[in-house]
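Here the structure is a predicted model, which means the values were calculated and not measured. Numbered from 1 within each chain, the chains take letters A, B, ... in sequence-line order.
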2 protein chains.
Amino acid sequence: MSGDASARPGQQMKAVLRLRELLLSGEVGPGERVAEIPLAARLGVSRTPLRLALSTLAHEGLLEMLPGGGFVVRDFDPADIADAIELRGVLEGTAARLAAERLGDPADLAPLRAAVAAMEPLVRTATPGLADFERYVVANEIFHARLLDLADSPMLRRAMAQAMALPFASPSSFVLAQADLPESREILVLAQAQHRAILEAIEAREGTRAEALAREHARLAKQNLKLALGDAALLATVPGNALIRRGQSQGARKIAS
Amino acid sequence: MSGDASARPGQQMKAVLRLRELLLSGEVGPGERVAEIPLAARLGVSRTPLRLALSTLAHEGLLEMLPGGGFVVRDFDPADIADAIELRGVLEGTAARLAAERLGDPADLAPLRAAVAAMEPLVRTATPGLADFERYVVANEIFHARLLDLADSPMLRRAMAQAMALPFASPSSFVLAQADLPESREILVLAQAQHRAILEAIEAREGTRAEALAREHARLAKQNLKLALGDAALLATVPGNALIRRGQSQGARKIAS
DNA sequence: CAGACTCTCATTGCATGCAATTTCGAAATG
DNA sequence: CATTTCGAAATTGCATGCAATGAGAGTCTG
């Protein structure tokens with residue numbers, strides 16, 4: 001996460017990081033209008049850098065500018081989240097395809113291969129512990145990062161960073177949620193099989209197949225989302241869960257601004 | 001263009017608009033480090049709103065933050081532009097697919113149909129004038145906007161806006177460039193055929209076909225790019241041409257940050 | 001003569017004060 | 001009783017002043 005280019009330890013960065021925490025944890029609720037002065041006091045920064053931070057988070061999509069000035073915390077309905085995941089799938093599919101099309105030396109696949117290897121233990125363990133899951137998450141994120149590297153496209157990298165600014169669109173947002181799920185092992189086996197298949201497709205320079213696989217891989221997250229939406233306890237483990245609009249008509253698809 | 005949410009006529013908006021002009025016109029050249037104080041004087045705004053504007057344009061991708069502070073004008077090599085167009089194709093493909101999958105009442109296609117109809121005259125005219133081209137460009141942009149509407153996905157809309165912040169990734173960046181080209185008519189006929197086909201595919205709810213068509217449609221722009229890169233006079237008519245790095249190894253593909 | 005150190009200047013980043021706009025509340029009128 | 005209009009307070013947006021960090025040039029030493 002934190003797609004910010006450079007992390008200089010200024011007041012502005014401090015404000016961005018701290019405010020993002022507040023938003024994701026729900027301490028500043030969705031739909032709520034954020035007031036600058038109390039927030040500045042709360043974050044321990046002045047209004048000037050806070051304002052920059054607000055602008056940044058608005059560009060990331062967590063805040064929304066009001067026409068009259070000021071910002072509100074954006075909220076997301078299930079359809080938004082599903083679309084965000086779908087979008088990530090599309091972008092990762094493109095990354096996989098480009099990786100396949102542009103692969104030079106097959107040795108360049110080593111980092112990807114290493115990430116896949118690092119995830120094997122969890123899948124092969126009969127009764128994985130929480131530590132196993134966390135190691136899996138790390139390796140999973142490395143896998144996705146290396147895949148993006150292989151695509152070798154700054155433009156795609158930008159788009160991806162933008163899409164993953166929404167926390168629940170991140171590759172492993174729902175991995176920890178499924179830790180408690182009975183069908184967890186099945187899902188992980190499936191996911192890992194897809195990891196291997198993507199790697200294989202890239203190595204064989206099968207761009208279309210790699211793309212389709214990466215998309216399907218993201219659909220797994222969408223499936224987990226559906227499961228989590230039914231169980232409040234499960235949903236609470238998802239990173240940005242506080243931003244999800246609750247108790248709303250789930251089928252509502254008419255918010256297109 | 002100008003994907004900014006609300007256009008309040010403040011100093012900040014003024015700075016963004018004016019500075020964007022300066023960047024696209026090349027009056028502030030690529031690679032150049034922008035100094036706040038003289039720029040503020042030049043734009044007629046204070047440093048505070050200018051700073052917000054700089055942040056905005058950095059998020060749009062036209063500027064780049066330096067680790068030591070400050071900003072430089074970003075430049076784009078041919079590979080970057082090609083990737084930007086490819087990316088737009090991917091996103092528009094997704095829009096077309098979602099439009100097909102989510103289409104409710106076929107009557108919702110009326111706006112899209114109207115845009116296609118508005119483009120017909122130019123294609124059917126044997127010797128189109130500049131005015132014809134401009135009307136085509138308008139209708140073309142309406143077509144792409146309506147397509148995005150049909151996808152009915154705020155997330156996709158965001159991603160699209162981000163991708164099209166780069167001026168040469170816009171749907172009709174290269175249309176005016178090809179006005180002088182001899183093969184112009186051929187290309188337009190092809191493009192219009194694709195418009196019709198996309199519409200047809202959506203109506204028939206053929207999502208995959210709609211996606212493939214939209215991607216191929218974007219590839220037309222990529223082809224025009226290649227043509228324009230050879231001819232300096234042609235390139236000069238492209239919107240953000242000042243940002244393109246010239247006299248560089250065109251095959252260089254190793255700038256992945 | 002080359003390299004490194006220091007001093008100085010410019011530029012960015014931050015804080016505070018002020019003005020303008022908006023919003024909320026209350027009162028008055030239809 | 002609802003609605004509209006006017007007013008006051010709060011909040012955003014903007015400008016300026018100051019401090020801190022980084023760059024560059026000049027000089028001194030090895």
*Residues in ring-ring contact (aromatic ring centres under 6.0 Å, His included) contact with Phe143(B), at least two apart in sequence or another chain*: His195(B)

How long is the line joining [atom1] of [X] and [atom2] of [N], in whole Å?
{"X": "Leu39(B)", "N": "dT11(C)", "atom1": "CG", "atom2": "P", "result": "13 Å"}
{"X": "Met13(B)", "N": "dC14(D)", "atom1": "CE", "atom2": "C1'", "result": "15 Å"}
{"X": "Lys14(B)", "N": "dG13(D)", "atom1": "NZ", "atom2": "P", "result": "17 Å"}
{"X": "Leu50(A)", "N": "dC14(C)", "atom1": "CG", "atom2": "P", "result": "12 Å"}
{"X": "Gln12(B)", "N": "dT12(D)", "atom1": "CD", "atom2": "C1'", "result": "11 Å"}
{"X": "Leu52(A)", "N": "dC14(C)", "atom1": "CG", "atom2": "P", "result": "8 Å"}
{"X": "Leu66(A)", "N": "dT21(C)", "atom1": "CG", "atom2": "P", "result": "18 Å"}
{"X": "Met65(B)", "N": "dT12(C)", "atom1": "CE", "atom2": "C1'", "result": "11 Å"}

*All pairs passing ring-ring contact (aromatic ring centres under 6.0 Å, His included) where residues 12-34 of chain B contributes a residue, at least two apart*: none

*Can you pull the ring-ring contact (aromatic ring centres under 6.0 Å, His included) pairs that have at least one residue in residues 62-85 of chain B, sequence neighbours excluded?*
Phe76(B)-Phe168(B)

With 3.5 Å as the limit, what N/O pairs link the protein to nucleotides 16-18 of chain C?
{"unit_1": "dT16(C)", "atom_1": "O4", "unit_2": "Thr48(A)", "atom_2": "OG1", "d": "3.2"}

Tell me every residue that passes side-chain hydrogen bond (donor to acceptor under 3.5 Å, both in side chains) with [X], counting only those two or more places apart in sequence or in another chain.
{"X": "Arg51(A)", "value": "Glu36(A)"}
{"X": "Arg18(B)", "value": "none"}
{"X": "Gln162(B)", "value": "none"}
{"X": "Glu64(B)", "value": "none"}

_Residue-phosphate contact under 4.0 Å: Gln11(B) side-chain N/O, dA15(D) OP1/OP2_ = yes

*Identify whether the distance between the nearest side-chain nitrogen and carboxylate oxygen of Asp80(B) and Arg245(B) falls below 4.0 Å.*
no

_salt bridge (Lys or Arg N to Asp or Glu O under 4.0 Å) contacts in which one or both residues fall within residues 23-35 of chain B, not counting sequence neighbours_ = Glu27(B)-Arg42(B)

*Please name all residues satisfying salt bridge (charged side-chain N to carboxylate O under 4.0 Å, His left out) with Arg97(A), sequence neighbours left out, ordered by chain then number.*
Glu101(A), Glu211(A), Glu86(B)

_Angle by which the axis turns from one end of the helix from dC1(C)-dG30(D) to dG30(C)-dC1(D) to the other, five pairs per end, to 10 degrees_ = 20°

*Indicate the atoms forming the closest heavy-atom contact of Val45(B) with Ala15(B), along with that distance.*
CG2-CB, 4.1 Å

Distances under 3.5 Å between protein N/O atoms and the N/O atoms of nucleotides 4-11 of chain D, please, pair by pair.
none

